[in-house]
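None of the values given here were measured: they were computed from a predicted structure. The basis for the numbers below is simple: all heavy atoms, side chains too, and nothing from hydrogens, waters or symmetry mates.
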Amino acid sequence: MFIELYKGLLRASYPLFIKPYINKRKKNGKEDLSRFNERMGLSELPRPKGKLVWFHGASVGESVSMLPLIQSLLEQFPDTRIMVTTGTVTSAEIMGKRLPEKAFHQYIPIDHPDFVKRFLNHWQPDAALWFESDFWPSMLSEIKKRHIPLLLVNGRISDRSFRRWQRFPFFIRELLNCFTFCLGQSEEDVRRLKILGAPKAECSGNIKYAGLPLPCDSEKLNRLKQQIGGRPVWLASSTHNNEEEQIGTQIHKIAAAVPNILTIIAPRHPQRGKEIKETLEKMQFHTALRSAGETITDQTDIYIADTIGEMGLWYTLCPLVFIGGSLIPHGGQNFIEPSRMNDAVCVGPHMHNFADVINRAQKAGAVARLKDVEELGDFVTKLLTSPETLQKHQQLAFAWAQSENKVLEDILNKITGYISQ
């Protein structure tokens, strides 16, 4: 009932409010103009013959987390084809580079009932795997209406989402009833899913802990190594606004103990590259901006890696990684990826987005959690002046990351029956 009301309101408001909003997104570069028909449920690609399994994730994090599961399913069901949908331009670029041969990317259609029907009429998926909590009522209800198995994978209900959905209990119950089966990231997520109305939910763990090593272009890596030479180097990854400036306050202190140090900063939002460069140059640093084609010279203090899809390059190049979003109350970013690539890893105090795993990692000695940017400066100095200590942190991080891969096997065991129907 509530979903039907939502559909009616969407149809009525589309020309007045939603279409102008979408046009604004187009103007601001947040929509892929060359493929915008996909957002209306149209596609130039034919449906592949045979079984088609559909994976959906909202953006980069969710789509990258799918990759090991996609690879495993294709190995188990070699005649199956996989379609991945996302909603952002960045995630489409990354999926275009990283999806295996029997998988392809499409944009998720705007949640208008007509676009949704057009999309499902064309693709007719045999099963749908929905990642995390990107709930689109028109799409979910239409999938259920067509009796397509719909599985929530890596389901997460944050504190904020839980409080919000409890104010609309009938609506969220109707949404969750569209799912055939829900897999939560943690026991707490499962408890919340059941309270909100999920008919069947179990805990599988977080699939982001079972990812594949990020790809690294060997030619680019060799060029960067030639530019850097024998200089010591470390990485500040996935940084947010204000964190680059905080890190800048420590670089001279680090350089006093580690001569000729090179700092690489890979911001969470690459479009901030020029802004970061201006900030750091006001602090009297010599910088180079990757997106502008600037190279690393002997005078470069900070290299700003403001590009998309190259994190594997930076994690391979740098033995020590700080993960951003953690010096400010954002809640942290994924610290498992560099651990998996044999890097020593440290974070700031604010890691509440990863509350279920950060404690495990700390107990295993896999990550150093630092109280502030001054401690970060001391930690970087300590590891880059002690090869034995650096190697110990690298080994502990890698061993812990490998132990987390059991999550993938558990998820596979739980979903295989729905895929093979």
Which atom pair, heavy atoms only, marks the closest approach of Val407 to Asn206?
CG1-O, 3.4 Å
Would you check if the side chain of Thr300 reaches a backbone N or O of Ile302 as a donor-acceptor pair within less than 3.5 Å?
no
Just checking, any donor-acceptor pair under 3.5 angstrom between side chains of Gln226 and Asn222?
no
Between the main-chain N or O of Leu45 and the side-chain N or O of His122, is there a donor-acceptor pair closer than 3.5 Å?
yes
Trp234 vs Thr263, test: side-chain hydrogen bond (donor to acceptor under 3.5 Å, both in side chains). Steps then yes/no.
CA-CA 5 Å; Trp234 72 291; Thr263 300; 2.8 Å; yes
Could you report the tightest heavy-atom contact between Leu129 and Ile419, atom names first, then the distance?
CD1-CD1, 3.7 Å
Considering only NZ, NE, NH1 and NH2 on the basic side and carboxylate oxygens on the acidic side, decide whether Lys208 and Glu337 come within less than 4.0 Å.
no
Flag, side chain of Gln124 to backbone of Asn121, donor-acceptor distance under 3.5 Å:
yes
Intermediate values then yes/no, side-chain hydrogen bond (donor to acceptor under 3.5 Å, both in side chains), His330 and Glu243
CA-CA 11 Å; His330 174 79; Glu243 288 185 310; over 6 Å; no
Would you please classify the geometry between the Phe171 ring and the Trp165 ring as parallel, tilted or perpendicular, with 30° and 60° separating the classes?
tilted
So does Arg369 pair up with Glu375, basic N to acidic O under 4.0 Å?
no
Mind running side-chain contact (heavy atoms from CB on, under 4.5 Å) on Met341 and Phe398 for me, showing each step along the way?
CA-CA 7 Å; Met341 298 185 74; Phe398 181 74; over 6 Å; no
Taking it one step at a time, do Val190 and Leu183 satisfy side-chain contact (heavy atoms from CB on, under 4.5 Å)?
CA-CA 7 Å; Val190 171; Leu183 290 175; over 6 Å; no
Asp372 and Leu376, any side-chain heavy atoms less than 4.5 Å apart:
no
Do Phe379 and His393 have ring centroids that are under 6.0 Å from one another?
yes
Using a strict 4.0 Å threshold on nitrogen-to-oxygen distance, state whether Glu142 and Arg146 make a salt bridge.
yes
Determine whether the aromatic ring centres of residues Phe135 and Phe179 are separated by less than 6.0 angstrom.
yes
NZ (Lys30) with more than 12 external heavy atoms under 6.0 Å
no
Is Trp130 reaching over with its side chain to a backbone N or O of Asp134, donor-acceptor style, under 3.5 angstrom?
yes
Less than 4.0 Å between a side-chain N and a carboxylate O, is that true for Asp410 and Lys414?
yes
Looking only at side-chain N and O atoms, does Glu310 offer a donor or acceptor that is under 3.5 Å from a partner on Thr307?
yes
Main-chain N/O of Ser59 paired to Ser91 side chain as donor or acceptor, under 3.5 Å
no
Take Asp217 and Leu221, measure what side-chain contact (heavy atoms from CB on, under 4.5 Å) needs, and give me the verdict at the end.
CA-CA 6 Å; Asp217 187 306; Leu221 180 65; over 6 Å; no
Intermediate values then yes/no, side-chain contact (heavy atoms from CB on, under 4.5 Å), His112 and Ile18:
CA-CA 10 Å; His112 187 288; Ile18 298 174; over 6 Å; no
Would you kindly say whether Gln250 and Lys253 are connected by a side-chain donor-acceptor distance under 3.5 Å?
yes
Just by modelled atom types, is the Asp343 backbone N or O under 3.5 Å from a matching donor or acceptor in the Gln394 side chain?
no
Which residues satisfy the side chain to side chain donor-acceptor pair (under 3.5 Å) test with Arg47, sequence neighbours excluded?
Asp126
Could you label the plane-to-plane angle of the Phe354 and Phe335 rings as parallel, tilted or perpendicular, counting under 30° as parallel and over 60° as perpendicular?
perpendicular
Flag, side chain of Ser386 to backbone of Leu383, donor-acceptor distance under 3.5 Å:
no
Does a side chain donor of either Asp111 or Tyr6 reach within less than 3.5 Å of an acceptor in the other side chain?
yes
Counting C-beta onward and ignoring hydrogens, is there a side-chain heavy-atom pair between Phe119 and Phe115 closer than 4.5 Å?
no
Hey, does Thr287 have a side-chain heavy atom less than 4.5 Å from the side chain of Asp301?
no
Would you indicate whether the side-chain heavy atoms of Met283 and Thr249 approach each other to under 4.5 Å?
yes
Determine whether a donor-acceptor pair (N or O, by modelled atom type, separation under 3.5 Å) exists between the side chain of Glu132 and the backbone of Arg156.
no
Are Trp54 and Thr85 close enough that a side-chain donor and a side-chain acceptor fall under 3.5 Å?
yes
Thr86 pairs by side chain to side chain donor-acceptor pair (under 3.5 Å) with which of His105, His56, Glu62?
His105
So Trp314 and Tyr303, would you call those rings parallel, tilted or perpendicular, with 30° and 60° as cut-offs?
perpendicular
Closest non-hydrogen atom pair between Val233 and Leu317, with its separation
CG1-O, 3.9 Å
Minimum-distance pair of heavy atoms, taken over all atoms of Gly205 and Ile411:
O-CD1, 4.4 Å
The complete set of salt bridge (Lys or Arg N to Asp or Glu O under 4.0 Å) pairs with one or both residues in residues 259-286, sequence neighbours excluded, reads Glu244-Arg272, Arg272-Glu275, Lys277-Glu281, Lys277-Glu294
Would you say NZ of Lys406 has more than 12 non-hydrogen atoms from neighbouring residues, nucleotides or ligands within 6.0 angstrom?
yes
Heavy-atom check, side chain of Ile276 versus side chain of Asp306, under 4.5 Å:
no
Test the Lys51-Phe77 pair against the cation-pi criterion, namely NZ or CZ under 6.0 angstrom from the six-membered ring centroid and within 45° of the ring axis.
no
Less than 4.5 Å apart, side chain to side chain, heavy atoms only: is that true for Leu235 and Leu320?
no
Where the side chain of Ser141 meets the backbone of Ser138, is there a donor-acceptor pair that is under 3.5 Å apart?
yes
If we ignore angles and hydrogens, is there a donor and acceptor under 3.5 Å between the side chains of Gln106 and Ser43?
yes
Run the salt bridge (charged side-chain N to carboxylate O under 4.0 Å, His left out) test against Glu38 and tell me which residues pass, sequence neighbours left out.
Arg35
Under 4.0 Å between a Lys/Arg side-chain N and an Asp/Glu carboxylate O for Arg192 and Glu188?
yes
For Gln271, is there any backbone N or O sitting under 3.5 Å from a side-chain donor or acceptor partner on His269?
no
Contact check, side chains of Pro319 and Leu390, non-hydrogen atoms, under 4.5 Å:
yes
Kindly check if the number of other-residue, nucleotide or ligand heavy atoms within 6.0 Å of CG (Asn405) is above 12?
yes
Cation-pi check, Lys19 onto Tyr14 ring (under 6.0 Å, within 45° of axis):
no
Side-chain heavy atoms of Thr316 within contact of Leu214, under 4.5 Å:
no
Is any side-chain N of the basic residue among Arg25 and Glu31 closer than 4.0 Å to the acidic one's carboxylate O?
yes
With rounding to the nearest 0.5 Å, note down the distance linking CD in Gln166 to CD1 in Ile157.
10.5 Å
Residues Asp32 and Arg39 bridged, charged N to O under 4.0 Å:
no
Do Asp189 and Ser186 pair up side chain to side chain, a donor and an acceptor below 3.5 Å, judged on atom types alone?
yes
